[in-house]
Amino acid sequence: MPLYEYSCRLCDEGFEKLQPMSAAKTAECPACGQPAGRVLSMIAAPVRVGGGEEPSASSAPSAGACCGGACGCG
Ligand SMILES: [Zn+2]
């Protein structure tokens, strides 16, 4: 049976209560007796760490195979 968190809007009382999933989305406030609404638990969203860290592939200018004197094009 899941534990739900409730928050009373009238007296701002917060409490938790074990309720079956098929139960109503309200629970009686222990402080004022009014139906309190269920609070959805905040689930921490995954946070992206860092930025685009690209591997810096320094493309060295390829040494010209041609015009090196071996091919005789120049
Ligand atoms: Zn209340």
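Each ligand, and each atom within it, is numbered from 1 in the order the structure gives. Residues: numbered from 1 along the sequence shown.
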Inter-residue atom distance S7.OG - F15.CZ, 0.5 Å rounding
8.5 Å
Would a distance-only check, ignoring hydrogens and angles, find a side-chain to backbone donor-acceptor pair under 3.5 Å from R38 to A24?
yes
Minimum side-chain heavy-atom gap C29-P35 below 4.5 Å:
no
Counting only protein N, O or S atoms (no waters) closer than 2.8 Å to the Zn ion (ligand 1) gives 4
Run Y4 and K17 through side-chain contact (heavy atoms from CB on, under 4.5 Å) and show every step you take.
CA-CA 5 Å; Y4 289 112; K17 194 171 185 178; 5.7 Å; no
To the nearest 0.5 Å, atom CG of L10 lies from atom CD of Q34 at 5.5 Å
Going by heavy atoms in the side chains, are Q19 and Y6 under 4.5 Å from each other?
yes
